[in-house]
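Just so we're on the same page: letters track the sequence lines, and every chain starts at 1. Note that this is a predicted model, so its numbers are computed, not measured.
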Amino acid sequence: MTRLAPLLLFIALALMLGFILLGQTERRAATESGAVETALPPLALQPFSGKKVWDQNSLQDQITILNFFASWCTPCAAEMPELAALKKQYPDIKIIGVVWNDDPKSMHAFLKAHGNPFDEIWLDPKGNATMALGIKGIPESIVVDAVGLMRYRLSAPLTAPLREGELGALLKSLLNDLPTQIEVSHGL
Amino acid sequence: MGSKWLMGALAGLLLTTHAFAATIEQPLPNPAQEAQARTLFHALKCVVCEGQSLAESDAALAAQMRARIRAMVAEGKSEAEILAFFRASYGDRILLTPPLQADTYLLWLAPLFLLTIGGIILWRVTRRPSSGEPS
């Protein structure tokens, strides 16, 4: 038995290292939502209705939330009241719905059933915007500041504690900084 | 009545066939480009699956990624450019073979280190005479 002791100790250490590495992987996955600070890449979105053309410059000088969703997505339906509450709480923030992998007819029925908290709705039929943003699942919400920097990502449905907590705190801070950001972006 | 049912069934069959045809992915007309795209399908992970490459996955996002790769290959983008696009969006974890760099040294070297230590221990244990054996 004493001969095998070093071998057993080695196996125990190897298993421990394995669990540590696994734990690190899980922690990385859990921290995908949260604060970020990278530029919003160019998105080529298609109009949900009419013949409008996506103009990313129109996001400048305001705080925007891009919400990726679809009519077949149950958690997306569940977060609609929260998005409506967010819009009511922060009317100056533009909420843009981006429809991924869905058709306009189903989306119209979805909005009729669950309400429409969006200022604008655009389509991402080929997933190009979804891929450019590295989105893995929906719903996903991205806060973009007045100069086009992504400031927060939520890879999960919006909830009341988030709206009142860290997301709410960030939005208040961004709204407070908005006049300064506009001045800086216009070189005033 | 019978003929109406038959006509309805045939119409339904045609619609089903059409819907099925619409979901089949179109390979690139240029075989060399298609081969390049397929190489990339095997180099990238399906980001919504467990341990599957883009080539193996039936997920909608994986299908859209394959279409995007085919479009980029058709545009003349190199393999490096296409991989860079996906790495910029999803990070290095989208690669099926992680690159050897500072944050992956442990991942690459840990098995080699453990194998060496384990081998040394095993060698020492097997060559040492047992204390219970007569000398």
Side-chain angles (χ1 to χ4, degrees), chain A residues 1-29 31-32 36 38-44 68 70-73 99-103 123-138 140 142 150 153 155, chain B residues 22-23 44-51 54 57 59-72 82 84-94 98 103-133:
Chain A
M1 184 64 198
T2 48
R3 278 180 63 187
L4 288 175
L7 194 63
L8 291 173
L9 186 69
F10 168 75
I11 291 169
L13 282 171
L15 283 173
M16 217 160 70
L17 183 68
F19 281 120
I20 290 168
L21 286 174
L22 193 70
Q24 278 182 343
T25 311
E26 279 169 3
R27 263 201 302 282
R28 273 203 301 273
T31 54
E32 276 180 1
V36 285
T38 46
L40 182 72
L43 310 173
F68 284 73
S71 67
W72 46 263
C73 159
V99 182
W100 176 69
N101 197 29
D102 208 344
D103 66 281
L123 304 177
D124 183 26
K126 293 181 179 174
N128 288 337
T130 305
M131 280 178 244
L133 288 163
I135 291 173
K136 294 179 188 169
I138 53 170
E140 170 133 353
I142 299 169
M150 296 190 283
R153 289 183 77 139
S155 306
Chain B
T23 60
L44 294 168
K45 269 186 211 163
C46 162
V47 291
V48 292
C49 322
E50 281 293 328
L54 275 188
S57 174
L61 185 56
Q64 289 186 335
M65 284 181 167
R66 287 193 294 265
R68 182 68 191 267
I69 289 170
R70 283 194 171 105
M72 289 172 95
I82 296 169
F85 167 78
F86 283 100
R87 283 173 79 179
S89 302
Y90 290 96
D92 286 337
R93 276 179 293 161
I94 197 168
D103 62 338
T104 59
Y105 282 156
L106 190 64
L107 184 72
W108 280 97
L109 301 177
L112 195 68
F113 175 74
L114 290 175
L115 200 69
T116 310
I117 300 288
I120 292 169
I121 292 172
L122 198 66
W123 178 68
R124 286 177 68 102
V125 166
T126 48
R127 72 185 278 271
R128 194 189 303 161
S130 168
S131 56
E133 285 172 18

First locate atom NZ of A:Lys136, then atom OH of B:Tyr90, and finally report the distance between them rounded to the nearest 0.5 Å.
8.5 Å
With only heavy atoms counted, which part of A:Pro125 is less than 4.5 Å from chain B, the side chain, the backbone, both or neither?
backbone
Minimum heavy-atom separation for A:Ile135 and B:Leu61, please, with both atom names.
O-CD2, 3.5 Å
Heavy-atom cut-off 4.5 Å, strictly under: side chain, backbone, both or neither for B:Phe113 against chain A?
neither
Heavy-atom pair with the smallest gap, counting every atom of A:Ala132 and B:Ser89
O-OG, 3.3 Å
